[in-house]
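Comments concern the structure below.
Convention: sequence-line order gives letters A, B, ...; per-chain numbering from 1.
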There are 2 protein chains.
Amino acid sequence: MDTTQRTDQQRSADRRRRELLEAADRVVLRDGPQASMNAIAAEAGITKPILYRHFGDKGGLYAALAKRHTDALLDSLRAALDAPAERRERVEATLDTYLAAIEARPQVYRFLMHPAEGGQPGDQGFDVGKHSAPLLRRMGEELAQVIEERLDLGPGGQQLARVWGHGIVGMMHAAGDWWLGERPCSRAELVRSLADLLWGRLAAAGDKMGGPGF
Amino acid sequence: MDTTQRTDQQRSADRRRRELLEAADRVVLRDGPQASMNAIAAEAGITKPILYRHFGDKGGLYAALAKRHTDALLDSLRAALDAPAERRERVEATLDTYLAAIEARPQVYRFLMHPAEGGQPGDQGFDVGKHSAPLLRRMGEELAQVIEERLDLGPGGQQLARVWGHGIVGMMHAAGDWWLGERPCSRAELVRSLADLLWGRLAAAGDKMGGPGF
DNA sequence: CGTGCATGTTACTTGCGGTAACACCAGTCT
DNA sequence: AGACTGGTGTTACCGCAAGTAACATGCACG
């Protein structure tokens, strides 16, 4: 029948797509974000046009690849976020999960965080806001949802949760990126410091000198 | 004399450099981060090789351009940070200053935040950590210094300050980027929400349901 | 058997970063 | 004066990566 045949075809196409994504993964893991389409095609044992048939353009492949890793990372983060423990412990576990992930695969991480590079084909109007990596956006939204679901923030709580979600994710990301480059302390120390920040230690700290402190 | 002559030459070279940077600025303001060297050269009324003689490569021009804007922005931020007011007020003023800047010139902002794109000429070893835009790094370091100077954080305070500096900057950046894209609320509201987050409202909020809240 | 149709290829175009080689126009040294 | 030097500018090119067109092949269906 028509349906069964299309199903077969679709299955084989999906399998192919997965193989291609895994090949792309390997190349990105090796070459970082500057992996070229040629290199990925070669790694997959095929040539460029096939990649383009499957993913449209580099952005499409990027998106597909990013979705895989993002989904995986988000699952880990959700697990940490859902653990049966106190709030502080969970926040620390979530931070640690993220940092462990970027520590384990820095090349993939760099690829994921790389902006989409803005294609030159027209429509480059005022699409500001598409700048951030999709991973960051998704993590922010995800976290916002969890916050909004579980915390009682009073009126305007939903909007507050969204701001916080994106803000916390950004904090985690920037601190993690800096930490990955300089390694000034252990992961555990970093986690603790960030949690302290979220726990209001900035506001609670005393001034150092006479003047009106920071 | 030799020195005077060299001074003259250097002056004219510096003037030229400034003109080129201003032309580059105009193009970036118009075309965003994908401004090409050709376009910039054309805008300046000259041709590519001159740009390369002045700035080495695209990264050099990027760095010079970024330095201008970064310095300007950092000056504004320092002013907000140094204002004679309470800590919370200053934090809010600083956040607002940053957000106002990115709101006023989103194209420039996108250009500044764009990673260096990793050139293909060798040395692409394990330079993870150079990923973040220099602007973010500088803001993080700058803020860290202010925090460390003014706050009494006890032992390990210096390291804590650095973590916080980068973390807060990342929070500001990510939230600002998201806000710029979606405009879910006014700038003032965003500032207030972020300050609330830094002031520990996350830890203080009550759970919404029966289970162990977030 | 011919007709689709997905899969694969080679060979090309376009555009950008970057460079080599040459041209001009000061002043300087002998 | 005339060769030398150094900065400014040009045209014309290389290499490389994204993306595409056009052609070839294997396999199901009427």
Side-chain angles (χ1 to χ4, degrees), chain A residues 1-20 23-24 27-28 31-63 65 111 114-122 124, chain B residues 1-20 23-24 27-28 31-65 111 114-124:
Chain A
M1 283 172 98
D2 192 51
T3 52
T4 52
Q5 188 200 343
R6 284 205 70 167
T7 303
D8 277 6
Q9 282 176 185
Q10 204 159 327
R11 281 202 180 180
S12 96
D14 281 9
R15 256 193 47 200
R16 206 86 190 90
R17 193 185 161 92
R18 280 198 173 170
E19 292 172 16
L20 298 185
V27 176
V28 166
D31 296 353
Q34 59 257 96
S36 79
M37 295 296 265
N38 256 326
I40 293 173
E43 172 70 28
I46 54 166
T47 50
K48 263 192 304 176
I50 302 178
L51 281 183
Y52 283 96
R53 280 224 257 273
H54 275 273
F55 302 104
D57 60 354
K58 195 186 175 85
L61 197 161
Y62 166 85
L65 205 51
F111 181 75
H114 213 61
E117 188 62 356
Q120 74 258 25
Q124 69 213 18
Chain B
M1 282 165 107
D2 191 52
T3 51
T4 53
Q5 190 199 342
R6 283 203 69 169
T7 303
D8 277 7
Q9 283 176 185
Q10 204 159 325
R11 282 202 178 179
S12 95
D14 281 9
R15 256 193 48 199
R16 206 88 189 86
R17 194 186 162 91
R18 280 200 169 170
E19 291 173 16
L20 299 185
V27 176
V28 165
D31 296 352
Q34 60 257 70
S36 80
M37 295 297 266
N38 256 326
I40 293 173
E43 171 70 30
I46 53 165
T47 50
K48 265 194 302 177
I50 301 179
L51 281 183
Y52 284 95
R53 280 224 259 272
H54 275 274
F55 302 105
D57 60 355
K58 194 186 174 84
L61 197 160
Y62 166 86
L65 206 49
F111 180 76
H114 212 61
E117 187 62 354
Q120 75 258 24
D123 73 52
Q124 69 212 19

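- Rounded to whole angstrom, the span from the CD atom of A:Q34 across to the P atom of C:dG17 amounts to 16 Å.
- Residue A:K58 holds its NZ atom at 6.0 Å from CD1 of A:I40, rounded to the nearest 0.5 Å.
- B:R16 places none of its side-chain heavy atoms less than 4.5 Å from the side chain of B:I50.
- Taking atom CD of B:E19 as the reference point, atom C1' of D:dG9 lies 14 Å away to the nearest angstrom.
- Between B:D57 and B:M37, the shortest heavy-atom contact is C-CE, 4.4 Å.
- Following rounding to the nearest Å, A:K58 (NZ) and C:dG15 (C1') show an atom-to-atom distance of 15 Å.
- Using a 4.0 Å cutoff on non-hydrogen atoms, the parts of residues 47-57 of chain A near DNA chain D are A:K48, A:P49, A:Y52, A:D57, ordered by number.
- The CZ atom of B:R15 sits 12 Å away from the P atom of D:dT8 (whole-angstrom rounding).
- Here the P atom of nucleotide D:dA17 and the OH atom of A:Y62 are 20 Å apart, to the nearest Å.
- Between the CD1 atom of B:I46 and the P atom of D:dG7 there is a distance of 17 Å, rounded to whole Å.
- When the options B:E19, B:R18, B:R17 are evaluated for a side-chain contact (heavy atoms from CB on, under 4.5 Å) with B:R15, the one that passes is B:E19.
- Put simply, CZ on B:R53 and CD1 on B:I46 are 10.0 Å apart, with the number rounded to the nearest 0.5 Å.
- Within the model, atoms CD of A:E43 and CG of A:L20 stand 11.0 Å from one another, a figure rounded to the nearest 0.5 Å.
- Protein atom CG of A:N38 is 16 Å distant from nucleotide atom P of D:dG15, rounded to whole Å.
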